[in-house]
Asker: 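The structure that follows is given in the form of structure tokens.
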Amino acid sequence: QVQLVESGGGLVQAGGSLRLSCAASGSISSMNAMGWYRQAPGKQREPVAVITSGGYATYGDSVKGRFTISRDNAKNTAYLQMSSLEPEDTAVYYCNAGALGSWYTGGMKYWGQGTQVTVSS
């Protein structure tokens with residue numbers, strides 16, 4: 001069984017940066033991807049970023065050029081470095097894990113509890 005725990009959320013001013021962490025426990029296959037989704041109040045959840053154990057990464061259109069996902073396979077931890085934050089980035093950020101293809105449709109097998117990111121103007 002896999003458990004995911006996010007941390008690092010908080011309040012930041014527009015233009016600032018935050019770094020989120022997602023610590024995974026349990027059996028993590030080298031075939032699994034780890035990624036992030038987010039959900040703002042009153043909005044549908046949307047994909048943010050995903051990375052494989054081999055380092056392949058892709059991003060949602062709204063965060064390209066501003067966010068960077070990384071992964072420490074030895075620590076079973078994924079990170080999301082968020083820069084140039086905007087009020088529109090305010091959301092609960094959820095870590096997820098599973099097959100890479102599942103990330104694109106929100107069908108990842110495992111999900112964390114989420115961490116709140118609030119960006120003030």
Side-chain angles (χ1 to χ4, degrees):
Q1 188 60 239
V2 173
Q3 293 178 297
L4 306 174
V5 180
E6 304 97 331
S7 61
L11 175 65
V12 65
Q13 294 184 20
S17 300
L18 281 175
R19 179 175 175 266
L20 306 183
S21 298
C22 174
S25 61
S27 298
I28 306 296
S29 170
S30 62
M31 297 179 62
N32 285 350
M34 297 182 70
W36 296 87
Y37 265 63
R38 68 185 184 185
Q39 186 167 27
K43 298 179 65 177
Q44 297 292 320
R45 66 181 181 180
E46 64 174 338
V48 175
V50 67
I51 189 169
T52 68
S53 61
Y56 170 80
T58 193
Y59 300 88
D61 290 341
S62 63
V63 306
K64 288 180 179 177
R66 300 188 297 119
F67 291 10
T68 301
I69 189 169
S70 60
R71 180 172 175 172
D72 186 332
N73 292 325
K75 295 181 179 179
N76 289 332
T77 301
Y79 306 92
L80 185 68
Q81 181 181 334
M82 305 183 293
S83 300
S84 300
L85 284 163
E86 305 168 352
E88 292 75 17
D89 296 316
T90 296
V92 177
Y93 285 70
Y94 296 93
C95 180
N96 53 27
L100 175 62
S102 298
W103 177 83
Y104 294 91
T105 58
M108 294 286 253
K109 187 173 183 178
Y110 304 103
W111 292 79
Q113 82 288 346
T115 186
Q116 176 71 47
V117 172
T118 303
V119 184
S120 62
S121 61

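The residues of the chain are indexed from 1 along the displayed sequence. Not measured: the values here are computed from a predicted model.
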Asker: Calculate, to the nearest 0.5 Å, the distance between atoms CD and OG belonging to E86 and S121 respectively.
Answerer: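 The CD atom of E86 sits 12.0 Å away from the OG atom of S121.
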
Asker: With a sphere of 6.0 Å drawn around CD of Q39, does it hold more than 12 non-hydrogen atoms of other residues, nucleotides or ligands?
Answerer: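 Yes - once you tally the heavy atoms of other residues, nucleotides and ligands closer than 6.0 Å, there are more than 12.
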
Asker: Which atom names give the shortest non-hydrogen contact between G8 and L18, and what distance separates them?
Answerer: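 Smallest heavy-atom distance, with atoms named: O-CD2, 4.0 Å.
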
Asker: Strictly distance-based, threshold 3.5 Å: is any side-chain N or O of Y93 a donor or acceptor partner for the main-chain N or O of W36?
Answerer: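 Answer holds: no.
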
Asker: Mark yes or no for whether R45, through its side chain, and G106, through its backbone, hold a donor-acceptor pair below 3.5 Å.
Answerer: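 Here the side-chain-to-backbone pair exists.
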
Asker: Got T68 and Y79 here, is their nearest side-chain heavy-atom distance under 4.5 Å?
Answerer: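 Contact flag for T68/Y79 side chains = no.
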
Asker: Who are the salt bridge (Lys or Arg N to Asp or Glu O under 4.0 Å) partners of R66, not counting sequence neighbours?
Answerer: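 D89.
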
Asker: With sequence neighbours left out, write down each residue that passes salt bridge (Lys or Arg N to Asp or Glu O under 4.0 Å) with K43, or none if nothing qualifies.
Answerer: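 Scan of K43 (salt bridge (Lys or Arg N to Asp or Glu O under 4.0 Å), adjacent residues dropped) gives none.
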
Asker: Should M82 and V63 count as side-chain neighbours, where that means a heavy-atom distance under 4.5 Å?
Answerer: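 No. Closest side-chain heavy atoms not under 4.5 Å.
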
Asker: Are F67 and L85 side-chain neighbours, meaning at least one heavy-atom pair lies under 4.5 Å?
Answerer: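 Side chain of F67 against side chain of L85, heavy atoms only: contact under 4.5 Å found.
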
Asker: Is the backbone of S53 close enough, under 3.5 Å, to the side chain of N73 for a donor and an acceptor to pair up by distance?
Answerer: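 Between the backbone of S53 and the side chain of N73 there is a qualifying donor-acceptor contact (under 3.5 Å).
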
Asker: Which residue pairs pass the disulfide (SG to SG under 2.5 Å) test with at least one member in residues 41-82, sequence neighbours excluded?
Answerer: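 Residue pairs with at least one partner in residues 41-82: there are none.
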
Asker: Considering only heavy atoms from C-beta outward, does the side chain of Y56 approach that of T58 to under 4.5 Å?
Answerer: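 Y56 reaches T58 side chain to side chain.
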
Asker: Tell me every residue that passes salt bridge (Lys or Arg N to Asp or Glu O under 4.0 Å) with E88, counting only those two or more places apart in sequence or in another chain.
Answerer: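 Residues passing salt bridge (Lys or Arg N to Asp or Glu O under 4.0 Å) with E88: none at all.
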
Asker: Please examine the side chains of S21 and K75, heavy atoms only from C-beta on, and report whether any two atoms are closer than 4.5 Å.
Answerer: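 Of all side-chain heavy-atom pairs linking S21 with K75, none is under 4.5 Å.
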
Asker: Minimum heavy-atom separation for A97 to L4, with atom names?
Answerer: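 Shortest heavy-atom contact: N-CD1, 3.8 Å.
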
Asker: Would you say the side-chain atoms of E6 pair up with the backbone N or O of Q113, donor to acceptor, closer than 3.5 Å?
Answerer: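 Yes: the side chain of E6 pairs with the backbone of Q113.
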
Asker: Main chain of S17, side chain of S83: is a donor-acceptor contact present, judged purely on distance under 3.5 Å?
Answerer: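 No, S83 side chain to S17 backbone: no donor-acceptor pair under 3.5 Å.
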
Asker: State whether the side chain of Y110 and the backbone N or O of M34 hold a donor-acceptor pair below 3.5 Å, judged by distance alone.
Answerer: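 No, Y110 side chain to M34 backbone: no donor-acceptor pair under 3.5 Å.
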
Asker: Could you give the distance from CZ (R38) to OG1 (T90), rounded to the nearest 0.5 Å?
Answerer: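 Nearest 0.5 Å value for the CZ-OG1 distance: 9.0 Å.
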
Asker: What is the ring orientation for Y94 with W111, classed by angle as parallel under 30°, tilted 30 to 60°, or perpendicular over 60°?
Answerer: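 The rings of Y94 and W111 stand perpendicular, inter-plane angle above 60°.
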
Asker: Can you give me the closest heavy-atom contact between A49 and Y59, atom names plus distance?
Answerer: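 What the structure gives for the nearest pair is CB-CD2, 3.5 Å.
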
Asker: According to the salt bridge (charged side-chain N to carboxylate O under 4.0 Å, His left out) rule, which pairs have a member within residues 95-107, sequence neighbours left out?
Answerer: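 Found none.
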
Asker: For residues E46 and S62, report the shortest heavy-atom separation together with the two atoms involved.
Answerer: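 Shortest heavy-atom contact: OE1-OG, 3.8 Å.
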
Asker: According to salt bridge (charged side-chain N to carboxylate O under 4.0 Å, His left out), does anything in residues 107-121 pair up with another residue at least two apart or in another chain? List the pairs.
Answerer: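 Salt bridge (charged side-chain N to carboxylate O under 4.0 Å, His left out) check on residues 107-121 returns no pairs.
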
